[in-house]
Protein chains: 2
Amino acid sequence: MAVQKYSRQREAIKEFLIGRTDHPTADMVYLGLLSKFPNLSLGTVYRNLTLLSDKGEILRLRLGDGVDHFDGNVMPHLHFICQGCGRVMDLEIDGLEGLTSLADSHFSGKITGHVTYFYGKCPDCTKGEMS
Amino acid sequence: MAVQKYSRQREAIKEFLIGRTDHPTADMVYLGLLSKFPNLSLGTVYRNLTLLSDKGEILRLRLGDGVDHFDGNVMPHLHFICQGCGRVMDLEIDGLEGLTSLADSHFSGKITGHVTYFYGKCPDCTKGEMS
DNA sequence: AATTAAAACAATAATGATTACTGTTATTAT
DNA sequence: ATAATAACAGTAATCATTATTGTTTTAATT
């Protein structure tokens with residue numbers, strides 16, 4: 001197996017994700033780092049996001065909007081997608097800890113995990129509404 | 001608003017989905033109906049899958065594998081994705097009914113729903129294993 | 001039953017996200 | 001320092017999906 005060498009681009013991508021909680025897409029990471037790396041390539045961003053998520057240093061979120069989002073916070077937590085503005089927020093809720101084992105006990109195969117995300121309207125988008 | 005007219009292709013697409021529980025992709029629907037409609041177009045399949053799911057007559061499942069799956073069973077139920085063979089199965093579990101309102105009560109916006117799917121190994125893929 | 005307007009079709013082009021390839025540069029071991 | 005190779009930038013290719021164009025069905029009206 002190839003030895004992984006250091007790269008400032010990869011380091012910057014990881015730092016970029018850790019420094020924010022808005023779950024950017026590959027394109028947003030690319031745009032956000034262009035000022036620091038003027039000839040950064042989108043391919044480099046994609047490759048390193050894949051490397052980092054494969055190593056478990058970041059999370060790849062597939063939220064069903066057709067675009068992958070990335071999260072520098074690898075602690076287990078829940079996500080909310082606003083149907084108004086599309087933003088992705090973290091949720092502070094517990095109560096899903098036993099869900100995997102509950103499901104597993106009702107299934108003849110082996111259930112090892114689950115993906116859950118919530119949707120609705122975020123606080124901002126709820127404000128400008130009457131209904 | 002345009003009046004929806006009858007089409008045998010759309011009817012066949014819906015029947016195809018109702019007749020199975022393996023949650024096919026657009027491409028699988030297309031291939032499955034080619035024998036009955038030799039000059040069926042993939043565009044027609046996509047358009048009608050979108051029409052049917054917009055009307056709520058079928059479900060579009062975005063399971064994170066980059067391909068949309070479709071389900072003729074619109075009753076609320078849970079899904080399981082096998083990481084061994086990729087197949088998508090229905091799960092008979094309840095206990096998630098109150099999840100949306102639980103989450104909503106902890107959130108300052110408005111949560112109206114959630115998406116949950118489970119993953120692991122299906123019964124078949126569990127068999128041929130030692131670990 | 002013929003006419004007609006619009007929906008649906010087939011075929012295919014276009015799009016957008018992601019992945020793969022090619023030649024160059026940077027990192028690390030010798 | 002030199003050499004080996006991982007990582008890079010740039011770009012081409014891929015894949016699922018959506019949009020477009022011209023033709024055919026459907027269904028309402030004469």
Side-chain angles (χ1 to χ4, degrees), chain A residues 1-17 22-55 57-71 81 86-88, chain B residues 1-17 22-55 57-71 81 86-88:
Chain A
M1 56 293 290
V3 177
Q4 175 133 312
K5 295 188 179 175
Y6 176 84
S7 99
R8 3 232 180 84
Q9 286 86 343
R10 177 159 54 239
E11 190 65 26
I13 287 168
K14 186 174 172 182
E15 287 309 314
F16 181 85
L17 286 175
D22 63 345
H23 313 80
T25 63
D27 201 59
M28 291 161 70
V29 173
Y30 170 69
L31 292 174
L33 290 175
L34 260 189
S35 52
K36 190 182 288 184
F37 298 88
N39 47 3
L40 179 66
S41 167
L42 189 53
T44 298
V45 174
Y46 272 110
R47 180 160 21 81
N48 281 300
L49 287 172
T50 299
L51 278 170
L52 289 168
S53 65
D54 284 352
K55 286 200 298 174
E57 299 187 18
I58 65 173
L59 294 180
R60 179 194 295 265
L61 307 179
R62 301 207 139 140
L63 304 171
D65 62 352
V67 200
D68 287 1
H69 295 252
F70 296 88
D71 192 341
I81 301 103
R87 93 176 65 170
V88 181
Chain B
M1 57 291 287
V3 176
Q4 175 132 313
K5 294 189 179 173
Y6 176 84
S7 100
R8 8 237 175 81
Q9 286 87 346
R10 177 159 55 238
E11 190 64 28
I13 287 168
K14 186 174 172 183
E15 287 309 314
F16 182 84
L17 286 175
D22 62 346
H23 313 80
T25 62
D27 202 58
M28 291 161 70
V29 174
Y30 170 70
L31 292 174
L33 290 175
L34 259 190
S35 52
K36 190 183 288 185
F37 297 89
N39 48 2
L40 180 66
S41 168
L42 189 54
T44 297
V45 174
Y46 272 109
R47 179 159 23 81
N48 282 299
L49 287 172
T50 298
L51 278 170
L52 288 167
S53 65
D54 285 353
K55 286 200 299 172
E57 299 187 18
I58 65 173
L59 294 180
R60 179 194 295 264
L61 308 179
R62 300 208 139 138
L63 304 170
D65 62 351
V67 201
D68 288 0
H69 295 251
F70 296 87
D71 191 342
I81 301 104
R87 94 176 65 170
V88 182

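Throughout, protein chains are lettered first and strands after them, A, B, ... in sequence-line order, and every chain is numbered starting at 1.
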* To do: Could you list by number each residue of residues 5-16 of chain B showing a heavy-atom separation from DNA chain C of less than 4.0 Å, or answer none if no residue does?
  => B:K5, B:S7, B:Q9, B:R10

* Which residues, if any, of residues 27-35 of chain A bring a heavy atom under 4.0 Å of DNA chain C? -> none

What is the separation between atom [atom1] on [X] and atom [atom2] on [N], rounded to the nearest whole Å?
| X | N | atom1 | atom2 | answer |
| --- | --- | --- | --- | --- |
| A:L42 | C:dA20 | CG | C1' | 14 Å |
| A:L61 | C:dT18 | CG | P | 12 Å |
| B:N39 | C:dA8 | CG | P | 18 Å |
| B:F37 | C:dA10 | CZ | P | 9 Å |
| A:L40 | C:dT25 | CG | P | 17 Å |
| A:L51 | D:dA7 | CG | C1' | 10 Å |
| B:L49 | D:dA19 | CG | P | 15 Å |
| A:L52 | D:dA6 | CG | P | 17 Å |

* Asked: Given C:dT18, D:dT17, D:dA7, which nucleotide is nearest the side-chain atoms of B:D68?
  -> D:dT17

* Nearest atoms (heavy-atom pairs only) where A:H23 meets A:H69 -> O-ND1, 2.9 Å

* Structure fact -> Nearest heavy-atom approach of A:V29 to A:P24 is CG2-CB, 4.1 Å

Tabulate below the donor-acceptor pairs under 3.5 Å that side-chain atoms of residues 32-52 of chain B make, not counting sequence neighbours, or state none.
unit_1	atom_1	unit_2	atom_2	d
B:S41	OG	B:G43	N	3.2
B:N48	OD1	B:R10	NH1	2.9
B:N48	ND2	B:T44	O	3.0
B:T50	OG1	B:Y46	O	3.0
B:T50	OG1	B:R60	NH2	2.9

Would you say [N] has OP1 or OP2 under 4.0 Å from some side-chain N or O of [X]?
| X | N | result |
| --- | --- | --- |
| B:R47 | C:dA8 | no |
| A:Y46 | C:dT18 | yes |
| B:T44 | C:dA10 | yes |

* Asked: What distance do B:L17 atom CG and B:I58 atom CD1 have between them, rounded to the nearest 0.5 Å?
  -> 5.0 Å

* Output, in order, the C-alpha distance, side-chain angles, deciding distance and verdict of side chain to side chain contact (heavy atoms under 4.5 Å, CB included) for A:L63 and A:V88. => CA-CA 9 Å; A:L63 304 171; A:V88 181; 3.6 Å; yes

* Between A:N48 and A:G43, just flag the one whose closest nucleotide in DNA chain D comes earlier from the 5' side. => A:N48

